[in-house]
Peer 1: 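Just dropping this structure here.
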There are 2 protein chains.
Amino acid sequence: MSDCDTCVVRNRAICSALVPDELAALGKLGRKQMVSRGQTLVWEGDESLVVANVIQGVLKLSVSTQDGREQIVGVVFPSDFIGRPFGKESPYGVTALTDAEVCIFTRTAFDGFAKEHPDLQHKLLQRTLDELDRARQWMMLLGRKTASERIATLLIEISDRLGAAGCSPIAPFLEKFELPMDRQQMGDLLGLTIETVSRQLTKLKEAEIIELPDRRSVVIKDRRRLENIATAA
Amino acid sequence: MSDCDTCVVRNRAICSALVPDELAALGKLGRKQMVSRGQTLVWEGDESLVVANVIQGVLKLSVSTQDGREQIVGVVFPSDFIGRPFGKESPYGVTALTDAEVCIFTRTAFDGFAKEHPDLQHKLLQRTLDELDRARQWMMLLGRKTASERIATLLIEISDRLGAAGCSPIAPFLEKFELPMDRQQMGDLLGLTIETVSRQLTKLKEAEIIELPDRRSVVIKDRRRLENIATAA
DNA sequence: CGGCGAGTTGAACGTAATCAATTGTCGTGG
DNA sequence: CCACGACAATTGATTACGTTCAACTCGCCG
């Protein structure tokens, strides 16, 4: 069972809908688990056997074609919920982009618990609605934005979400951060190739909008201009 | 108020979660409304004031950039739910693609009712999860599929969803149907231009996979081959 | 120091976009 | 009923953006 009392995401994850003794009951159903970078938690097409909360780290949700093309359809950060509750097979795989820690439940146990806790379901519904909005924004990016707009949008998005995931109450976003993915994964998320990602990053660097101290780090030097590029004015 | 007893979608819409007197109570909050083709029910960015069930017709959810590019991020059919419950502004506009009829609620009235009816919320959650899965599949299309794969996927999808929306218990899909949108809207949904849509349809016609009796009709002559193209083997 | 994987850079290519002209369809009024 | 105009769709020619293929660089660990 999980020790919810000391969980770092207990106030932000869906668990925050519960009163202490409900939380204790849920905790009994879950267990904390480490997932190392590259490890796959759920395979695309498999029956949905588990759901989880992300405690730390970043994971991707991805879909593949038979001939090997991949599209990342979601990225989850600490306090986000993973999985497909209430039956069905998982239409996407879940793989750790960084070493991560999750609080994992069997789907059936979680489903049963959720059915009897409307507040939990309500939180889950709100999260799912938010996730849907985010997915739709990303559809705009994939369908209509140019390569440079896509890269700029991604950098803003990661900066924002890492800022929100961090516990700092003041920073709504980060101006320096570590990319939780490599170039290939950026391409899979943006619908671009690795080469195009690289070229666009170089262009932003040469325009002095960002710096790239090393291959995983980004410094946003001119957020205003980056946002202008991202929103495709 | 709406006359739920005779509503054609009462067994498929989220209302099916309710027992008769609950249904009557919800019916008092809603009213049926006609929406004619092209009419916009909700504007992108506006505060989310209403939600609704689709009774008949087809509507689009769409997002635009400042410079006028548009991406359709969802298409709703009879029995589907429209809107963004529980606060927030609507991140997309809702516009009728065909003449339509909806059962409309003010958001606050619906939210209040939903809070006290966990079964309704549960149905809504399931629908939202399904919608999210569909959005993610579409992200794969937008990010990684070629023009011909996109067109084939769209035709299959419309065939399936019109089949499911129709009341025929035997037809899982239709082999002849009316497109609920014009070429421009197909492009906005697929992330393509109008010209590319037209060319790809012509190619499918010349390959004798489909027929195009008139500009709004499609006959699928060889569904197997169409599916092969769609799934990007 | 050597070798490997990730990333960058370059050159050629190809798919879909853009620009432009034509055809087709529908609704209206003569 | 047909002629007309407006708009939707198709078709063609050209362009451009991102992909593909290929060579090279960098950083890291043995």
Peer 1: Is there a donor-acceptor contact under 3.5 Å from the side chain of Arg199(B) to the main chain of Thr196(B)?
Peer 2: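 Absent.
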
Peer 1: Is it true that atom CD of Glu178(B) has more than 12 heavy atoms of other residues, nucleotides or ligands lying nearer than 6.0 Å?
Peer 2: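 Yes, because the 6.0 Å sphere around CD of Glu178(B) holds more than 12 heavy atoms from other groups.
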
Peer 1: Quick one: does any side-chain atom of Glu227(A) pair with a main-chain N or O of Arg224(A) as donor and acceptor, under 3.5 Å?
Peer 2: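 Answer holds: no.
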
Peer 1: Using the side-chain hydrogen bond (donor to acceptor under 3.5 Å, both in side chains) rule, collect all pairs that involve residues 42-54 of chain B, keeping only residues at least two apart or in two chains.
Peer 2: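 Checked against side-chain hydrogen bond (donor to acceptor under 3.5 Å, both in side chains) - neighbours excluded - no pair reaches residues 42-54 of chain B.
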
Peer 1: Please give, in whole Å, the distance from dA17(C) C1' to Arg199(B) CZ?
Peer 2: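 Whole-Å distance recorded here is 9 Å.
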
Peer 1: With nearest nucleotide decided by heavy atoms, which residue, Arg144(A) or Leu201(A), maps closer to the 5′ end of DNA chain C?
Peer 2: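 That would be Leu201(A).
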
Peer 1: If you assign Ala147(A) and Arg216(B) each to the DNA chain D nucleotide with the nearest heavy atom, which residue ends up on the more 5' nucleotide?
Peer 2: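 This one resolves to Arg216(B).
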
Peer 1: Heavy-atom count check: over 12 atoms from other residues, nucleotides or ligands less than 6.0 Å from Gln184(B) CD?
Peer 2: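 Yes, because the 6.0 Å sphere around CD of Gln184(B) holds more than 12 heavy atoms from other groups.
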
Peer 1: For Thr153(A) and Glu149(A), indicate whether the former's side chain and the latter's backbone hold a donor-acceptor pair under 3.5 Å.
Peer 2: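 Yes, the answer is positive, given that a donor and an acceptor are paired below the 3.5 Å cut-off.
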
Peer 1: As a quick check of understanding, evaluate side-chain contact (heavy atoms from CB on, under 4.5 Å) for Lys60(A) and Met181(A), giving each step before the final call.
Peer 2: CA-CA 9 Å; Lys60(A) 68 170 180 178; Met181(A) 62 190 80; over 6 Å; no

Peer 1: For nucleotides 4-6 of chain C, tabulate all protein N/O to nucleotide N/O atom pairs closer than 3.5 Å, reporting atom names and distance.
Peer 2:
residue: dA6(C); atom: O4'; partner: Arg215(A); partner atom: NH1; Å: 2.8
residue: dA6(C); atom: O3'; partner: Arg215(A); partner atom: NH1; Å: 3.0

Peer 1: Want to settle it: does Glu195(A) or Thr146(A) sit nearer the 5' end of DNA chain D, counting the closest nucleotide to each?
Peer 2: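 Per heavy-atom nearest nucleotide, the more 5' residue is Thr146(A).
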
Peer 1: Taking heavy atoms of chain A and a 4.0 Å limit, find me the 5'-most and 3'-most nucleotide of DNA chain D within that range.
Peer 2: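 With heavy atoms of chain A under 4.0 Å away, the range is dG18(D) to dC21(D).
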
Peer 1: Is there a donor-acceptor contact under 3.5 Å from the side chain of Ser198(A) to the main chain of Ile194(A)?
Peer 2: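 Flag not set: sc Ser198(A) to bb Ile194(A) has no pair under 3.5 Å.
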
Peer 1: Check whether any side-chain N or O of Thr196(B) sits under 4.0 Å from OP1 or OP2 of dA17(C), and answer yes or no.
Peer 2: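 For dA17(C), OP1/OP2 do have a side-chain N/O of Thr196(B) under 4.0 Å.
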
Peer 1: With sugar-phosphate meaning primed atoms plus P, OP1 and OP2, does Gly187(A) contact a base, only sugar-phosphate, or nothing at under 4.0 Å between heavy atoms?
Peer 2: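 Nothing, no nucleic acid heavy atom in range.
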
